[in-house]
Enquirer: 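The structure under discussion is supplied below as structure tokens; questions concerning it will follow.
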Protein chains: 2
Amino acid sequence: MAGTKASTAAEARDQDRRKTILRAAVEVFARKGYHGCRIADVAREAGVAYGLVYHYFKNKEELLQLVFETGWGGFMSRIRDAAEASAPLEQKIHRIAQVAFEAYRIDPRGVRVLVLEFARSPSTGEANRRTAFAEVLGVITRMFERARARGELRAGLEPALCAAMLFGSVEMSLTGFVMGLLDPRDSGLLAHAQEQLTSLFLDGARATPEDGRWKKDRSGPRLKPVRRS
Amino acid sequence: MAGTKASTAAEARDQDRRKTILRAAVEVFARKGYHGCRIADVAREAGVAYGLVYHYFKNKEELLQLVFETGWGGFMSRIRDAAEASAPLEQKIHRIAQVAFEAYRIDPRGVRVLVLEFARSPSTGEANRRTAFAEVLGVITRMFERARARGELRAGLEPALCAAMLFGSVEMSLTGFVMGLLDPRDSGLLAHAQEQLTSLFLDGARATPEDGRWKKDRSGPRLKPVRRS
DNA sequence: TCCGGCGCTGACTTTCGAGTCAACGAGGGG
DNA sequence: CCCCTCGTTGACTCGAAAGTCAGCGCCGGA
């Protein structure tokens with residue numbers, strides 16, 4: 001049917017426009033932050049008229065909401081896949097780290113928006129961010145609960161706190177990269193990051209006996225004399 | 001001298017006023033976030049006239065800047081004390097966790113502002129946060145560098161990444177509490193948190209041999225068959 | 001070629017809050 | 001007791017940005 005075909009084509013063009021504007025919004029948002037993100041800038045970035053933004057989106061709120069949901073949804077589903085896979089804890093953690101750093105490698109700008117703007121600024125008031133954090137932390141908490149049930153988690157560790165620590169480690173590492181406090185070009189630091197994150201989280205930062213000359217006893221005395229430099 | 005005494009008294013009253021307004025600003029900021037934080041609200045909260053705020057502070061920017069600096073400065077100096085003490089790594093990490101959770105226990109509202117709102121203003125907000133993060137991460141990175149030099153850090157760990165992971169763990173745990181995703185009343189979770197943070201960071205999440213029935217070998221095969229539930 | 005609809009335009013209106021300032025009055029000195 | 005100073009007040013100004021809308025012109029069909 002010609003009518004159907006035409007309307008389909010029209011709809012496709014509509015979707016293209018929407019995506020153009022959405023991408024422009026990510027761009028501006030990443031560059032200028034929440035406060036500096038004016039609809040006028042988004043329109044200019046997208047190369048369309050000011051009013052058109054309001055033809056495709058109800059208001060600024062909805063637009064930014066969508067920017068967030070798109071990005072977060074993608075990230076979240078990968079995290080969920082990783083956390084809910086049937087694999088050893090070690091592998092799951094490794095995959096979570098991989099998802100995060102891979103996302104940064106592919107789209108630093110998008111990660112910037114998620115990590116710096118949405119994670120730390122009130123967009124829809126607070127509900128959004130709260131929901132988002134609750135979502136990841138919930139998924140990861142359940143992962144640790146299952147790991148504990150299987151005996152993969154060291155005794156005495158609270159799954160919810162493990163989740164906060166794991167996700168916090170990931171998020172702050174990404175923040176470091178995004179802010180330029182950690183340089184991804186430094187000796188493949190980015191690649192190293194996901195390995196170290198997994199390794200440190202699973203086995204800790206403490207020197208092992210073979211690292212140094214002293215034997216370390218985990219259950220030994222807490223205070224060990226240390227020479228000042 | 002009477003003149004001096006009078007001017008001193010006047011200055012003291014001035015400082016009181018300033019502090020009243022500053023405290024009101026923290027309050028409103030914590031309650032409504034950056035967007036909802038209007039000078040009118042701060043004035044009402046402090047019980048003074050709108051215009052008086054501008055008698056004591058140059059503008060909104062300066063006021064919020066000061067709110068941030070006050071809180072962050074206190075937090076930062078405690079973190080610095082902990083990180084630069086001459087003590088074993090274990091103790092330093094424990095103290096860092098302690099500083100953070102203690103701060104939350106004493107002043108959840110203040111922590112809320114630092115953790116969630118983090119002075120963001122159009123022009124200098126970004127720079128601020130960047131500086132603040134660079135500052136903590138720098139201090140903690142140096143702590144890990146010294147630990148590495150002393151052989152207290154497991155081989156192959158990048159100090160800067162350790163710093164990001166440690167601070168990220170602290171920050172996300174606090175975020176969990178502040179957002180109500182972690183309930184401090186749940187079986188003393190708050191008290192538990194600082195112990196677990198130290199323990200997990202130093203020794204990892206992996207089950208130790210004595211945790212389960214299987215022997216776990218750290219350098220063993222990465223993939224271990226796990227029964228699906 | 002002409003017509004009619006609609007995607008698109010951008011100037012205009014509205015809203016809102018930061019920052020100003022003229023005036024008020026408490027209180028201390030003359 | 002009066003006046004003058006200065007902390008204090010809050011109505012007002014001004015600018016910025018969100019959101020509206022009347023109309024333009026492109027394009028597809030007759």
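Here is how names work: the chains are called A, B, and so on, in the same order as the sequence lines, proteins then strands, and each is numbered from 1.
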Enquirer: Does A:Phe29 have A:Arg112 sitting over its ring (NZ/CZ under 6.0 Å from centre, angle to axis within 45°)?
Expert: no

Enquirer: Starting at atom CG of B:Asp41, determine the distance to atom C1' of C:dG17, rounded to an integer number of angstrom.
Expert: 10 Å

Enquirer: Pick from A:Leu166, A:Ile93, A:Ile96: which one makes a side chain to side chain contact (heavy atoms under 4.5 Å, CB included) with A:Thr198?
Expert: A:Ile93

Enquirer: Taking only N and O in the side chain of A:Tyr54, is any of them less than 4.0 Å away from OP1 or OP2 of C:dC8?
Expert: no

Enquirer: Under a 4.0 Å threshold between the charged nitrogen and the carboxylate oxygen, would A:Asp107 count as salt-bridged to A:Arg109?
Expert: no

Enquirer: Counting heavy atoms from C-beta on, name the nucleotide in D:dA18, D:dT9, C:dG19 closest to the side chain of B:Asn59.
Expert: C:dG19

Enquirer: Of all the choices, D:dT9, C:dG17, D:dT20, which nucleotide is nearest to the side chain of B:Arg38 once you look at every atom?
Expert: C:dG17

Enquirer: Closest approach to the side chain of A:Ile39, judged atom by atom: which nucleotide of C:dT9, D:dT9, D:dA18 is it?
Expert: D:dA18

Enquirer: Quick one: which of C:dG19, C:dG10, D:dA18 gets closest to the side chain of A:Ala49?
Expert: C:dG10

Enquirer: To the nearest angstrom, how far is B:Lys58 atom NZ from C:dT20 atom C1'?
Expert: 15 Å

Enquirer: Atom NZ of A:Lys60 and atom C1' of C:dT15: how far apart are they, to the nearest Å?
Expert: 14 Å

Enquirer: What's A:Tyr56 touching, base or sugar-phosphate or nothing? Going by heavy atoms closer than 4.0 Å.
Expert: sugar-phosphate

Enquirer: Of all the choices, C:dC8, C:dA18, D:dG19, which nucleotide is nearest to the side chain of A:Leu52 once you look at every atom?
Expert: C:dC8

Enquirer: Among the candidates C:dA18, D:dT8, D:dA18, find the nucleotide nearest to the side-chain atoms of B:His55.
Expert: D:dT8

Enquirer: Working to the nearest 0.5 Å, report the span between CG of B:Leu22 and OH of B:Tyr56.
Expert: 13.0 Å

Enquirer: Ion pair present between A:Glu102 and A:Arg105, side-chain N to carboxylate O less than 4.0 angstrom?
Expert: yes

Enquirer: Starting at CD of A:Gln15 and ending at P of C:dG7, how long is that distance when rounded to a whole Å?
Expert: 13 Å

Enquirer: Is the distance from OP1 or OP2 of C:dG10 to the nearest side-chain N or O of A:Tyr50 less than 4.0 Å?
Expert: no

Enquirer: Rounded to whole angstroms, how far apart are CZ on B:Arg18 and P on D:dT8?
Expert: 13 Å

